[in-house]
Protein chains: 2
Amino acid sequence: MDTDVLRRAPLFASLDDEAFSALTEEITEVDLSRGSALFYEGDPGDQLYFIISGKIKLGRTASDGRENLVAIMGPGEIFGEMALFDPSPRSTSATAVSETRLAGLKHENLRKVITRSPEVSAQLLQALARRLRRTNENLADLVFSDVPGRVAKALLDLADRFGRPATDGILVAHELTQEELAQLVGASRETVNKALAEFVQRGWIRLEARAVVILDLQRLKQRSR
Amino acid sequence: MDTDVLRRAPLFASLDDEAFSALTEEITEVDLSRGSALFYEGDPGDQLYFIISGKIKLGRTASDGRENLVAIMGPGEIFGEMALFDPSPRSTSATAVSETRLAGLKHENLRKVITRSPEVSAQLLQALARRLRRTNENLADLVFSDVPGRVAKALLDLADRFGRPATDGILVAHELTQEELAQLVGASRETVNKALAEFVQRGWIRLEARAVVILDLQRLKQRSR
DNA sequence: GACGGTCTGTGATCAGCGTAACGCACGGTC
DNA sequence: GACCGTGCGTTACGCTGATCACAGACCGTC
């Protein structure tokens, strides 16, 4: 498989060639089509995944079937590493949002590398610290902001990570249905739809199939606070 | 200062005496009375803290002054370590909930220890992973559960961490005002008060000054789901 | 072109919970 | 004892957003 992409990941940047090839020797490549699940909440897990291309949603399901998305992960990002340090079953499920290619690494192999290379643990610590920061922020938003505010915030976040400049604004090909967007911001599909409709009507965004174009970044930012 | 308590902390358990004494040489002892702040959101921070006794609340303040508590930390726990890996200003404020004694360690000193001892980074990774798991859970609860459910959950969590058996149940001396409890579960003081009153009326709990006694653990658990 | 799935758009209803506005109990200070 | 600050208990009211219930749009498949 193509290890070049992995080589360029910050997590492995500090490794010497020997350690890197030892690590990548036992890599599994996984391809997923939209909607297919990689693992479920409660599964045992001994792998972590690096996203080569595509997007993965991490979510939790309540006993009554309602779902809540914890994060959307994109190319170059890593997930499923928590069980490495805290050996418990998967705390979320992972499902492909679009055609997705992953590289799976056994925890065991990474653990060996960690003991030898403090730089790798530093990278992992940083990644976890950032995730924790983000999650705390989301928690606060859920308390402080109303649904339109959270939708605005989510769009801005997605734009930041997946946006590309277009002729009349920023194209955000998030690949999410409105239902998924609703699960991400912790609201009902209907309310999210109404919020989006309002933004469109104000000329802040334009809707496309599983994508939005942000036309007025400033206004949207104001609404998100 | 008394380094025995620190010695017993899992984070430092793996250190040899030399490394440990190097680390503790530059320790600062901090005493706080209820309500006094250790640091604020946005402050630069180059220390992490170990709680010797007492409790600390970590919170965020919205622009309009409303507050939201991210966590209550108790004896033996560590906080303020995130800036170690992800050098940004403090993402929360830290305030004493009761008389509290802390040991402050400079990030710089801990960083030195980390590079030498992979066990310490493993401990830190585990602590962060657990925190992230907990926070994700709280996030889901905020979406899925109503206020009484969240209050029940918070009480159970506090009981788990600070509860002591009493004659007629579990005494949870959480030291929080109802206002603070409300900020912790993301609700208004009034609604939390109503929820508590209902639990009392059903005979599930008994209220005391900044404490509760859990009388019917089973029912409370059921309500929390 | 007819059918069935999935997704989007929108209105009507209803309840959970925030807000506002009280009164009361307690403890500390002069 | 008089005073004040802080925390608790409880009410009435209104609004945000979930739920329900559709209708249309856009697929792919037969």
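The structure presented is a predicted model; accordingly, all values stated were derived computationally and were not measured. In what follows, chains are A, B, ... by sequence order, proteins preceding strands, each numbered from 1. Worth knowing before you read on, the calculation uses all heavy atoms, side chains too, and leaves out hydrogens, waters and symmetry mates.
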Please give, in whole Å, the distance from [N] [atom2] to [X] [atom1]?
{"X": "L176(A)", "N": "dT6(C)", "atom1": "CG", "atom2": "P", "value": "18 Å"}
{"X": "L196(A)", "N": "dC7(C)", "atom1": "CG", "atom2": "P", "value": "16 Å"}
{"X": "D64(B)", "N": "dG18(C)", "atom1": "CG", "atom2": "P", "value": "14 Å"}
{"X": "L142(B)", "N": "dC17(C)", "atom1": "CG", "atom2": "P", "value": "11 Å"}
{"X": "D146(B)", "N": "dG18(C)", "atom1": "CG", "atom2": "P", "value": "11 Å"}
{"X": "F199(A)", "N": "dT8(C)", "atom1": "CZ", "atom2": "P", "value": "16 Å"}
{"X": "R34(A)", "N": "dG28(D)", "atom1": "CZ", "atom2": "P", "value": "14 Å"}
{"X": "R66(A)", "N": "dC20(D)", "atom1": "CZ", "atom2": "P", "value": "11 Å"}

Given [options], the nucleotide with the shortest approach to the side chain of [X]:
{"X": "R189(B)", "options": "dC17(C), dA18(D), dG9(D)", "value": "dG9(D)"}
{"X": "N193(A)", "options": "dA12(C), dT8(C), dT10(D)", "value": "dT8(C)"}
{"X": "E190(B)", "options": "dA18(D), dA21(D), dT11(D)", "value": "dT11(D)"}
{"X": "Q178(B)", "options": "dG9(D), dT11(D), dT16(D)", "value": "dG9(D)"}

Inset, instruction - Have a look at A187(B) and say if it touches a base, only the backbone sugar-phosphate, or nothing, with a 4.0 Å heavy-atom cut-off. - result: sugar-phosphate

Legend entry - dC7(C) OP1/OP2 closer than 4.0 Å to side-chain N/O of R210(A): yes

Inset, instruction - State whether T177(A) places a side-chain N or O below 4.0 Å from either non-bridging phosphate oxygen (OP1 or OP2) of dC7(C). - result: no

Inset, instruction - For atom OH of Y40(B), decide whether the heavy atoms of other residues, nucleotides or ligands shown that lie under 6.0 angstrom number more than 12. - result: no

Inset, instruction - Over 60° means perpendicular and under 30° means parallel, so classify the ring planes of F79(A) and F39(A), tilted if in between. - result: tilted

Inset, instruction - Select from A197(A) and S188(B) the residue whose nearest nucleotide in DNA chain C is closer to the 5' end of that strand. - result: A197(A)

Legend entry - Side-chain donor or acceptor of T28(A) paired with backbone N/O of G104(A) under 3.5 Å: yes

Legend entry - 5' precedence on DNA chain D between E179(B) and K194(B) (nearest-nucleotide basis): E179(B)

Legend entry - Option from Q47(B), R131(B), H107(B) for which side chain to side chain donor-acceptor pair (under 3.5 Å) with E81(B) holds: R131(B)

Inset, instruction - Please determine which of R150(A), R225(A), K153(A) meets the salt bridge (Lys or Arg N to Asp or Glu O under 4.0 Å) test together with D141(A). - result: K153(A)

